[in-house]
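Structure, as structure tokens:
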Amino acid sequence: MGKFLNDFKAFAMRGNVIDMAVGVIIGGAFGKIVTSLVNDIIMPLVSIATGSATFSGLKATLRGAELDPEGNVIKEALTFNYGMFIQNIVDFIIIAFCIFVAIRIMMKFKKKEEETPAAPPAPGKEEVLLTEIRDLLRQQADRK
């Protein structure tokens, strides 16, 4: 049992697993931000143009509801709920656009990091030795 726990601990503490966990948590928070953007900012603007806060209520009635003489529903109405489909498409486009913008911003930051030139590697032992030999030969040539 101790080996199992040690193996699990080694697995859970690997960098990839921790990075993935952080990504899931940040993704969940980002999802809430995008949902709020859609519901609280964009859809009210859309409602000005369409007269409705969402598209989800749009539907076409294929067959009306059947009612008994007292007005109770015997058979539900058969509707074609195309508004929900349109709402999901709008949500998807907005979410995809937000993710695109976020990734593009991150890539710009990453590109700036990559553009910073790295320090040249230190010369190896052989190169240092050859440089010393070259300098000694120059000194000898200058003495003559």
Side-chain angles (χ1 to χ4, degrees), residues 1-139 142:
M1 187 67 167
K3 181 170 176 18
F4 177 78
L5 290 176
N6 287 336
D7 289 346
F8 178 74
K9 181 181 174 184
F11 168 76
M13 293 302 159
R14 289 176 50 195
N16 296 345
V17 174
I18 294 171
D19 291 345
M20 185 177 69
V22 169
V24 168
I25 292 168
I26 290 174
F30 185 73
K32 288 181 180 181
I33 292 169
V34 172
T35 300
S36 176
L37 175 70
V38 170
N39 295 337
D40 303 328
I41 295 175
I42 294 175
M43 289 315 293
L45 296 174
V46 170
S47 71
I48 291 171
T50 62
S52 174
T54 65
F55 296 109
S56 58
L58 300 175
K59 60 185 171 183
T61 303
L62 302 174
R63 182 187 70 216
E66 292 183 26
L67 304 174
D68 65 8
E70 297 165 358
N72 297 324
V73 176
I74 298 172
K75 227 180 212 183
E76 293 289 330
L78 181 61
T79 58
F80 183 66
N81 301 322
Y82 63 91
M84 198 62 171
F85 180 70
I86 293 171
Q87 183 68 44
N88 287 330
I89 289 173
V90 169
D91 291 350
F92 171 78
I93 290 170
I94 294 168
I95 290 167
F97 179 74
C98 290
I99 291 171
F100 169 75
V101 169
I103 290 173
R104 191 159 181 192
I105 290 169
M106 286 188 288
M107 294 306 281
K108 283 187 179 184
F109 285 130
K110 188 174 183 179
K111 192 174 188 180
K112 286 181 183 178
E113 289 175 5
E114 290 174 0
E115 288 176 0
T116 306
K125 290 181 182 179
E126 296 166 347
E127 192 174 343
V128 171
L129 183 59
L130 288 172
T131 304
E132 290 174 1
I133 292 171
R134 180 197 66 200
D135 293 342
L136 288 173
L137 289 172
R138 278 189 188 158
Q139 287 176 358
D142 289 342

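We're numbering straight along the sequence, starting at 1.
Residues satisfying the salt bridge (Lys or Arg N to Asp or Glu O under 4.0 Å) criterion with K75, sequence neighbours excluded, are absent altogether. For N81, the side chain to side chain donor-acceptor pair (under 3.5 Å) partners are T79, not counting sequence neighbours. Residues that satisfy the side chain to side chain contact (heavy atoms under 4.5 Å, CB included) test with L62, not counting sequence neighbours, are L78, F80. In terms of the side chain to side chain contact (heavy atoms under 4.5 Å, CB included) criterion, residue partners of I89 (sequence neighbours excluded) are, by chain and number, F85, I93.
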Name every donor-acceptor pair, under 3.5 Å, that has one atom in a side chain of residues 124-134 and the other anywhere in the protein, sequence neighbours excluded.
from	atom 1	to	atom 2	distance (Å)
T131	OG1	E127	O	2.7

Solution key, residues 27-40 side-chain donor-acceptor pairs under 3.5 Å, sequence neighbours excluded:
from	atom 1	to	atom 2	distance (Å)
T35	OG1	G31	O	2.8
S36	OG	D40	OD2	2.8
N39	ND2	T35	O	3.4

Taking it one step at a time, do F97 and V101 satisfy side chain to side chain contact (heavy atoms under 4.5 Å, CB included)? CA-CA 6 Å; F97 179 74; V101 169; 3.7 Å; yes

D142 vs R138, test: salt bridge (Lys or Arg N to Asp or Glu O under 4.0 Å). Steps then yes/no. CA-CA 6 Å; D142 289 342; R138 278 189 188 158; over 6 Å; no

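In this structure, CG on N72 lies 8.0 Å from CG on L67, to the nearest 0.5 angstrom. Rounded to the nearest 0.5 angstrom, L58 CG and M84 CE are separated by 11.5 Å.
Within the 4.5 Å cutoff, the side chain of F92 has no heavy atoms near those of the N88 side chain.
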